[in-house]
Amino acid sequence: MIKAKYSISTVLLVIVFLISGCSQGKKNENANEQVESEMSHEEGHSMAEEQAEHEHAAGEGHHDEGSMEMSGNESMNWKPGSGNDYTITKDFHFIVGGMESISPKVIQNESGDNLLQLTVDGSSTAFVFHQTYGNVGMAAMINVRQFEGTLKLIHHAKNANNHEFVSIKGKNMKLGRMVDGNEKVFDEGSFDTANDWINLRVSAAGTHYKGYIGNETVTHGHGDKMPDGYAGILLEGSGTVLIKSIETVALEDE
């Protein structure tokens, strides 16, 4: 079930991406200070989690069938649903692989938060939102401690062989695109985090592309602007992946 309303979290996401201009480079301390006042990376909270906590305290934001907050057509905050009839195909479709490749299941953590648990069988699998995006910022709160392989946030995707991405494998991040099955890497970097939960983020604004862990810019590159496409997650490996939330937001050209 999809519910629409303005989300503080997605507004913050807009601010983060817009202030992260190309001239700021990979270590924009001023932008980090501004964002850190709104979100504590050390505590492992995403912008979506903070908004959900405020809504819960106010007696709002409990969605048995799933949670997807939207502000017009500009931004979206997705969380897994808990209804018995909930299936991720309500919100996503597969461009490679299928349900049998990831065995999706909604579980709860000790705090009662819904988590999408994926048991990946080693094959390549990608699921994307039904709508397409142009310039886009994307953030996913994920746990890959028990996953061996590559996780990508993909955008401007036509299929598994044509998309743009930020990917992580272990402590390594790549930023780039796939064109007819050929990978082009814009930038590559390493990161470190002591948290089980990672806030993986990417922005594509015009010809500017950036990959983040939390508020830290890890990769930054440039490429031609691609036609609108789907956004979602691609998995190549085996093990268990947990997803707490996914956010998208429309961006302006940089």
Side-chain angles (χ1 to χ4, degrees), residues 16 20 25-28 32 35 39-49 80 95-97 101-105 107 109 115-128 137-157 160-161 163-179 181-204 209-223 231-247:
V16 173
S20 299
K26 292 187 178 181
K27 295 183 178 179
N28 190 326
N32 286 351
V35 176
M39 179 180 70
S40 172
H41 174 59
E42 294 180 356
E43 294 178 357
H45 287 294
S46 71
M47 288 169 282
E49 288 178 275
I95 58 174
V96 63
S101 303
I102 57 174
S103 301
K105 180 181 179 181
I107 64 173
N109 61 15
L115 310 176
L116 179 61
Q117 176 182 280
L118 307 176
T119 304
V120 189
D121 67 0
S123 57
S124 179
T125 307
F127 52 94
V128 295
M138 189 175 178
M141 187 62 73
I142 58 173
N143 184 326
V144 292
R145 290 295 188 186
Q146 299 182 43
F147 176 70
E148 294 291 335
T150 299
L151 182 148
K152 291 182 176 181
L153 297 188
I154 60 174
H155 52 94
H156 293 87
N161 291 324
H163 60 264
E164 295 181 316
F165 67 87
V166 62
S167 70
I168 56 171
K169 182 177 183 179
K171 301 297 184 182
N172 185 67
M173 176 187 286
K174 288 183 180 181
L175 182 74
R177 66 172 47 147
M178 291 282 289
V179 179
N182 298 311
E183 183 181 82
K184 178 179 180 180
V185 176
F186 298 148
D187 194 15
E188 190 169 357
S190 59
F191 64 92
D192 192 21
T193 177
N195 297 323
D196 287 343
W197 287 94
I198 297 173
N199 187 9
L200 178 62
R201 296 169 46 218
V202 66
S203 69
Y209 303 88
K210 298 171 188 176
Y212 311 78
I213 296 294
N215 303 322
E216 179 183 358
T217 307
V218 180
T219 53
H220 181 189
H222 303 85
I233 291 180
L234 187 149
L235 301 166
E236 297 173 329
S238 59
T240 301
V241 174
L242 300 176
I243 303 173
K244 191 178 293 184
S245 63
I246 304 174
E247 297 180 54

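One is the number of the first residue; the rest follow in order along the sequence.
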When you look at Val128 and His163, which way does the side chain to side chain contact (heavy atoms under 4.5 Å, CB included) test go after all the steps? CA-CA 11 Å; Val128 295; His163 60 264; over 6 Å; no

Pair Thr119-Gln117, side chain to side chain contact (heavy atoms under 4.5 Å, CB included): steps then yes or no: CA-CA 7 Å; Thr119 304; Gln117 176 182 280; 4.2 Å; yes

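The distance from atom CG of Leu151 to atom CD1 of Ile243, rounded to the nearest 0.5 Å, is 7.0 Å. Rounding to the nearest 0.5 angstrom, the gap separating the CZ atom in Phe127 from the CD1 atom in Ile246 is 6.0 Å. Atom CG of residue Leu235 and atom OG of residue Ser101 lie 10.0 Å apart, to the nearest 0.5 angstrom. Between Asn199 atom CG and Glu247 atom CD the span is 8.0 Å, to the nearest 0.5 Å. To the nearest 0.5 angstrom, Glu236 atom CD is 6.0 Å from Thr150 atom OG1. Rounded to the nearest 0.5 angstrom, Met141 CE and Ile198 CD1 are separated by 9.5 Å.
At least one side-chain heavy atom of Ile213 sits less than 4.5 Å from a side-chain heavy atom of Leu200. Under the 4.5 Å side-chain criterion, counting only non-hydrogen atoms from C-beta, Leu242 is in contact with Trp197. Contact of the Leu234 side chain with the Thr125 side chain is not registered, since no non-hydrogen atoms from C-beta on lie closer than 4.5 Å.
Here the closest heavy-atom approach between residue Ala204 and residue His156 is recorded as CB-CE1, 4.0 Å. Listed here is the closest heavy atom pair of Pro104 and Leu116: CB-CD1, 4.1 Å. Summarising the geometry of Gly211 relative to Val166, their closest heavy-atom pair is CA-CG2, 4.0 Å, with the distance given to 0.1 Å. Across every non-hydrogen atom of Val218 and Ser190, the tightest pair is CG1-O, 3.7 Å. Ile154 approaches Ile95 most closely through the heavy-atom pair CD1-CD1, 4.0 Å. Between Val120 and Gly237, the shortest heavy-atom distance links the atoms CG1-O, 3.2 Å.
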Mind listing the side-chain donor-acceptor pairs of residues 168-179 below 3.5 Å, one per line with the distance, residues two or more places apart or on another chain?
residue : atom : partner : partner atom : Å
Lys171  : NZ   : Thr193  : O            : 3.4
Asn172  : ND2  : Glu188  : OE2          : 3.1
Arg177  : NE   : Glu164  : OE2          : 3.1
Arg177  : NH2  : Glu164  : OE2          : 2.5
Arg177  : NH2  : Tyr209  : OH           : 3.2
Arg177  : NH2  : Asp224  : O            : 2.4

Acceptor/donor pairs from residues 142-149 side chains to any protein atom, 3.5 angstrom cut, sequence neighbours excluded:
residue : atom : partner : partner atom : Å
Asn143  : OD1  : Arg145  : N            : 3.1
Arg145  : NE   : Asp196  : OD1          : 3.0
Arg145  : NH2  : Asn195  : O            : 2.9

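Residues satisfying the side chain to side chain contact (heavy atoms under 4.5 Å, CB included) test with Ser238, not counting sequence neighbours, are none.
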